[in-house]
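For reference, the structure is listed below as structure tokens.
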Number of protein chains: 2
Amino acid sequence: MSTIKDVAKAAGVSISTVSYALNNDKRIPPITADRIKKIADDIGYFPSAAARNLKKRATYTVLVAISDFGGPVYHELLDGIHVRLAQSGYTMIVSTGASTANLLKERSTDGAVISDIHITDETLIQLSKSLRPIIVLDRRLKETNIFNMTIDNREAMRKLTEDVLSKGYQKIAYVHGVHGTYDNNTRFQGFTEAMSAAHENVYREYQGNFTKKSGEWIGEEILKEENPPQMLVCANDEMALGIMEVLQKHGKQIPGDFGISGFDDIELSSYVTTKLTSIKIDHFGWGKKIAEALLSLLKDEDAPTEREKGVLKIRDSY
Amino acid sequence: MSTIKDVAKAAGVSISTVSYALNNDKRIPPITADRIKKIADDIGYFPSAAARNLKKRATYTVLVAISDFGGPVYHELLDGIHVRLAQSGYTMIVSTGASTANLLKERSTDGAVISDIHITDETLIQLSKSLRPIIVLDRRLKETNIFNMTIDNREAMRKLTEDVLSKGYQKIAYVHGVHGTYDNNTRFQGFTEAMSAAHENVYREYQGNFTKKSGEWIGEEILKEENPPQMLVCANDEMALGIMEVLQKHGKQIPGDFGISGFDDIELSSYVTTKLTSIKIDHFGWGKKIAEALLSLLKDEDAPTEREKGVLKIRDSY
DNA sequence: GTGAAAGCGCTAACAC
DNA sequence: GTGTTAGCGCTTTCAC
């Protein structure tokens, strides 16, 4: 492993000249610079990130922390963030679980995007004191170095619920995701808002955890009920898909016997026979906006951090 | 942002004592060590990764490079790697595209696991000279610091094809994934081996690219044929699912009019009505083995890098 | 236009 | 048991 010293020696110049040349400093004439670059190349020299980071107190790297690699929603979001970051020469790294805490604490990146409900608010607030800009996607936090970019769940779910209501549905139940999470709370808020406005009572509430499995359990539960709901407004697509699968397997018609709606409009919905009515989020576009905002924050500029809108995709499931 | 100096000053000791205390050096008596740790905590001190990395010439971080965040196969693999790495105090970071090259070049991690066909062999070989252990999952490379851990595609696909043959199928076609990739090549090899052994001709070959969309196109193509194949052995599940969807949508029976098989046994298969016969890979377990091997290599120990076996999951699609 | 040298925040050898 | 100090590989100020 060669260092800048080796290059300097091989080129017969000082290490500072090598540094200037490699960083395209205008003081070095192109001829010299090219010669040095050529030599560096031949030697197989690459600057050490550790040394540069230490000296510059910057890493040109951004961390995106997610709760797991399985979620169907992350794909496009990560792509969106990555694309925009790459344009500006930033490196994006992704982590989960314990790794995330390590990376944040030790300032391995210049900024971070957090979408991992396993990280507590307290940890984040503590960390925000050493790591400058942190954008959170999965909660709302009012803190100096923390910026919020969330999806306008409430508004979207209100619209969806209004649409359900307009179709004449009664006995409308709500299927919760993980209790206490931003996404679940705000989606439920939008739902109740629309229900109250229409003077409708919430017929029943089910407690799921955003997974397809939890949807399946709820589906079984519904099958056993004497007076089941007519309509199931679900906090996300995966649960809706789970419920739908179980109900259909038992001969229920959707729509007909039951109406179902989701949220997120995940790609999976296209693998399924009855197309799910859902809220589509442009995760790729949103990812680009998030990166854009983070880039501004890294330059100490203000950044727009408005809520991302969802659009109602009416299909066949109610 | 506080440094080790601040802690030393606050504790009235030298920076080396702080360093020793924080790294649990036995020379520092527990009382002192605890006092110093407490102070570090109060100050909100965390060691800088950059400084430590530079000094120790190690990062205790491992990179996993994948080709995109969307693939349904990566989820469990990443979880498996992460779990094992975390046990040994290593941090795992994941990257795609341009970011991967940056991280590898600048030695931001101590080792790497590569599953990204966009990275050329040449790049990898060049990089392997500075970054010590690299495990590749998506190709076979014989190079000093590069280790191969691949799935035994050939053997698995041979078994599957033998099973197809034993069911009496004729007019058997193969659906290729991305041309030239390790996975596609070796799966096709296994297929042809079994076919030759049974003195069967390959009825037809279709060229897909591992995506569901490409499966759909192939499905359309098949519908137009006068003498379509009876059986479609696909290089992966996603293409098989795409074909199945199109054929079923046009009233074809599976099995019956067509038999179909996949490879990978992705979770998605469970969203679909006709369960796909496929090769199940224990990606989580494999991930743990990969991490185990990398950990050994990082300690300069030998590592077992045998091929991962797949198991045939016979279900309903042929 | 180029070089000498300081210093980023740590670790660890060595001295006491 | 604790402190002093060199040095990891760079960037950048300041001289020349």
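Chain naming here is simple, since letters A, B, ... match the order of the sequence lines and numbering starts at 1 in each. What you see below is based on every heavy atom in this structure, not just the backbone, and it leaves out hydrogens, waters and symmetry mates. The model shown is predicted, which means the values in this text are computed figures rather than measured ones.
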Quiz prompt | Given A:Glu106, A:Arg107, A:Lys105, the one that forms side-chain contact (heavy atoms from CB on, under 4.5 Å) with A:Ser130 | solution = A:Arg107
Exercise. Using whole Å, report how far CZ of A:Arg27 lies from P of D:dA15.
Key: 14 Å
Quiz item: Hey, does B:Lys55 reach any base, or is it just sugar-phosphate, or nothing, if we go heavy atoms under 4.0 Å?
Solution: base
Self-check item: Ionic contact status for A:Asp34 with A:Lys38, cut-off 4.0 Å
Solution: no
Practice problem: Kindly point out which of D:dC8, D:dG3, D:dT11 is positioned nearest to the side chain of A:Lys5? | Solution: D:dC8
Exercise. Using a heavy-atom cut-off of under 4.0 Å over every strand shown, decide if A:Arg57 touches base, sugar-phosphate, or nothing.
Key: sugar-phosphate
Exercise. Measure the CD1-CG distance between A:Ile281 and A:Asp152 for me, rounded to the nearest 0.5 Å.
Key: 9.0 Å
Exercise. Take atom CG of B:Leu54 and atom C1' of D:dG7, then tell me their distance rounded to the nearest Å.
Key: 9 Å
Quiz item: Taking B:Asp110 for the side chain and B:Thr59 for the main chain, is one N or O donor matched with an acceptor at less than 3.5 Å?
Solution: yes
Quiz item: Just checking, any donor-acceptor pair under 3.5 angstrom between side chains of A:Asn148 and A:Thr305?
Solution: no
Self-check item: For B:Asn53 against A:Ala50, the heavy-atom pair lying closest together
Solution: CB-CB, 3.8 Å
Quiz prompt | DNA chain D: 5'-proximal contact among B:Ser14 and A:Ile4 (nearest heavy atom) | solution = B:Ser14
Exercise. By nearest nucleotide on DNA chain C, pick out whichever of B:Ser48 and A:Thr32 is the more 5' one.
Key: A:Thr32
Quiz item: Is A:Ser16 touching bases, backbone alone, or none of the nucleic acid, heavy atoms closer than 4.0 Å?
Solution: base
Quiz item: So where does chain B start and stop touching DNA chain C, 5' to 3', when the test is distance under 4.0 Å to a non-hydrogen atom?
Solution: C:dG9 to C:dC14
Quiz prompt | Rounded interatomic separation in angstrom, taking CZ from B:Arg52 and C1' from D:dG7 | solution = 17 Å
Quiz item: Separation of A:Ile15 atom CD1 from D:dG7 atom P, in whole Å?
Solution: 14 Å
Quiz item: Looking at five pairs on each end of the helix from C:dG1-D:dC16 to C:dC16-D:dG1, what is the angle between the two axes, given to 10 degrees?
Solution: 40°
Quiz item: Does the side chain of B:Thr17 pick up a donor-acceptor pair with the side chain of B:Ser14 at under 3.5 Å?
Solution: yes
Practice problem: Look at the side chain of A:Asn23 and decide which nucleotide, out of D:dC14, D:dT5, D:dT11, has an atom nearest to it. | Solution: D:dT11
Quiz item: Any side-chain donor paired with an acceptor under 3.5 Å for A:Arg84 and A:Ser88?
Solution: yes
Quiz prompt | Interatomic distance, B:Arg107 CZ vs D:dG9 P [rounded to whole Å] | solution = 9 Å
Exercise. Can you tell me the distance, in whole Å, between the CG atom of A:Asp25 and the P atom of D:dT13?
Key: 10 Å
Exercise. Looking only at non-hydrogen atoms, find the nearest pair between A:Tyr74 and A:Ser115 and report the distance.
Key: OH-O, 3.0 Å
Self-check item: Donor-acceptor pair (no angle test) under 3.5 Å: A:Tyr20 side chain, D:dT13 base
Solution: yes
Exercise. In plain terms, say whether A:Arg139 and A:Asp121 are close enough for a salt bridge, that is, a side-chain N and a carboxylate O under 4.0 Å apart.
Key: yes
Exercise. Look at the side chain of B:Thr17 and decide which nucleotide, out of D:dC10, D:dC8, D:dG3, has an atom nearest to it.
Key: D:dG3
Practice problem: Report which part of the nucleic acid A:Ser19 touches: base, sugar-phosphate, or nothing (heavy-atom distance under 4.0 Å, all strands). | Solution: base
